[in-house]
Protein chains: 2
Amino acid sequence: MSEGRSPQGETLLFLTDEQLRQGAEAMFFAYRGFTADPDRILDGLSYGRAHHRALHFIQTAPGTTVNNLLTILGVTKQSLNRVLRTLIEDGLVQSQVGRTDKRERHLYLTEAGEALERELSDAQRTRMRAAFRDAGPEAVAGFRRVLEAMMDPELRRQYHKLRGGRG
Amino acid sequence: MSEGRSPQGETLLFLTDEQLRQGAEAMFFAYRGFTADPDRILDGLSYGRAHHRALHFIQTAPGTTVNNLLTILGVTKQSLNRVLRTLIEDGLVQSQVGRTDKRERHLYLTEAGEALERELSDAQRTRMRAAFRDAGPEAVAGFRRVLEAMMDPELRRQYHKLRGGRG
DNA sequence: TTGGAATGTCAACAAGGCTGACTTAAAATG
DNA sequence: CATTTTAAGTCAGCCTTGTTGACATTCCAA
């Protein structure tokens, strides 16, 4: 992993401050790459990264309520509402009053919404697919293990909930 | 990796759209965790994440020029200048005219700057250390391999340049 | 029937990106 | 030496996306 040698030997080498600093920088640079492709598409439209996130999670969990989405995205309802309003106005998202609880709004993508979400996700996935292929299956497993361990417990719960039954 | 089975078998399973979507969500949630702890500290002060990034990379590459830092951070000089000005005014960063090229300004952390940088980095590293320990050395290696593959080539170059000679 | 939850909306504000225009100083180049 | 280019800084204005606070509406549930 490195030519350096800690007193504890190989086992703990990856926990030195320098290694952790390197990990932090890798996160920073990789996240830039992670968002670069969809951002480029959104630049042309009148949307931003916040719109992408909303579309993504509505696609992942169709019928989710506004409150649910707030928790997942970690923003205030005012922030989300601004984004959601334009998406609904533009016919990309459909808001449906709940049958059992009429206070709730269930969110769905329209066909146009699905089309844009697919375009954005495809751009993002193309890069991830290449990265996963380059790194190999075992690296990908490690990648996910570390990312999961880095999440806040509450967010980790959300993450697993999203993937329930599918992952 | 999953109970699902693709026609190609185990080898390509991690490249299905669903797996890639899961990877994207892991990135999103993990990045939230990654920034949460320093953000909490910065909330109290009159600084933001942009200040943290500047402090971090000046600490990583002391004496770096403004232009260098611009490239690494990927922002405009106007954006960076706003952040840098307050850090210099507050005595956290020192700007030194270059000896060979007097147009350049070389940036260094003062003692106070190093102290704040350490506080922020420590908070961030605590979480990463725990995550790395939980996931294990092989997972960490995979984590880094995938992140690196996800970077833009230009940023990957920057990333390696930062780590040059230090592992 | 009343309290509280879910949603939506208005207004104001801040951080941190951006562009464009311009200055200064110094280096590089013809 | 004159000119052009480069590095840095600054001013003004704009956008996105986050924040609070206040308030209205609707409706479930005790």
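Order of the sequence lines fixes the chain letters, A, B, ..., with proteins taken first and strands second; residue numbering starts at 1 for each chain. No hydrogens, no waters, no symmetry mates; every other heavy atom, side chains included, goes into these values.
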Distance in angstrom units between [X] [atom1] and [N] [atom2], rounded:
| X | N | atom1 | atom2 | value |
| --- | --- | --- | --- | --- |
| B:Leu69 | D:dG9 | CG | P | 11 Å |
| A:Asp39 | D:dC15 | CG | C1' | 14 Å |
| B:Leu73 | C:dC18 | CG | C1' | 15 Å |
| B:Arg32 | D:dG18 | CZ | C1' | 12 Å |
| A:Glu104 | C:dG8 | CD | P | 11 Å |
| A:Leu70 | C:dA5 | CG | C1' | 13 Å |
| A:Asp43 | D:dC14 | CG | C1' | 15 Å |
| B:Leu80 | C:dC18 | CG | P | 10 Å |

Shortest non-hydrogen contact from B:Gly74 toward A:Arg32
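Answer, listing the atom of B:Gly74 first, then A:Arg32: CA-NH2, 3.5 Å.
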Below 30° counts as parallel, above 60° as perpendicular, anything between as tilted: where do the rings of [X] and [Y] land?
| X | Y | value |
| --- | --- | --- |
| B:Phe29 | A:Tyr159 | perpendicular |
| A:Tyr47 | A:His51 | tilted |
| A:Tyr108 | A:His106 | tilted |

### Message
Check this for me: B:Glu138, atom CD, are more than 12 non-hydrogen atoms of other residues, nucleotides or ligands nearer than 6.0 Å?
### Response
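It does not: B:Glu138 CD has 12 such atoms or fewer within range.
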Could you tell me whether [X] contacts a base, only the sugar-phosphate backbone, or nothing, with contacts defined as non-hydrogen atoms closer than 4.0 Å?
| X | result |
| --- | --- |
| B:Arg82 | base |
| A:His51 | sugar-phosphate |
| B:Arg85 | sugar-phosphate |
| B:Gly74 | sugar-phosphate |

task = For B:Asn67 and for A:Ser79, locate the closest nucleotide of DNA chain D by heavy-atom distance; then report the residue assigned to the nucleotide nearer the 5' terminus.
result =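 Per heavy-atom nearest nucleotide, the more 5' residue is B:Asn67.
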**Prompt:** Between B:Asn81 and A:Tyr47, who's closer to the 5' end of DNA chain D by nearest nucleotide?
**Reply:**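 Looking at DNA chain D, the more 5' nearest nucleotide goes with B:Asn81.
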**Prompt:** Which listed nucleotide (D:dT17, D:dG9, C:dG17) is nearest to the side chain of A:Ala50?
**Reply:**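 Out of D:dT17, D:dG9, C:dG17, the nucleotide with an atom closest to A:Ala50's side chain is D:dT17.
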**Prompt:** Has the side chain of B:Arg53 got a donor or acceptor atom sitting under 3.5 Å from an opposite partner on the base of C:dG16?
**Reply:**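 In this structure, the two groups form no donor-acceptor pair.
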### Message
Under 4.0 Å from OP1 or OP2 of D:dT19: is there any side-chain N or O of A:Thr76 that close?
### Response
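Yes, A:Thr76 has a side-chain N/O under 4.0 Å of OP1/OP2 on D:dT19.
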Expected output: side-chain A:Gln124 to main-chain A:Thr35 donor-acceptor under 3.5 Å: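 Checking the backbone N and O of A:Thr35 against the side chain of A:Gln124, no donor-acceptor pair under 3.5 Å is found.
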(message) Given 3.5 Å as the limit, does a donor-acceptor pair link the side chain of B:Arg144 with the main chain of A:Gly23, or not?
(response)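 Pair absent, no side-chain N/O of B:Arg144 close to backbone of A:Gly23.
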Per-nucleotide protein contact along nucleotides 20-30 of chain C, 5' to 3', at a 4.0 Å heavy-atom cut-off (B base, S sugar-phosphate only, - neither), is BB----BS---
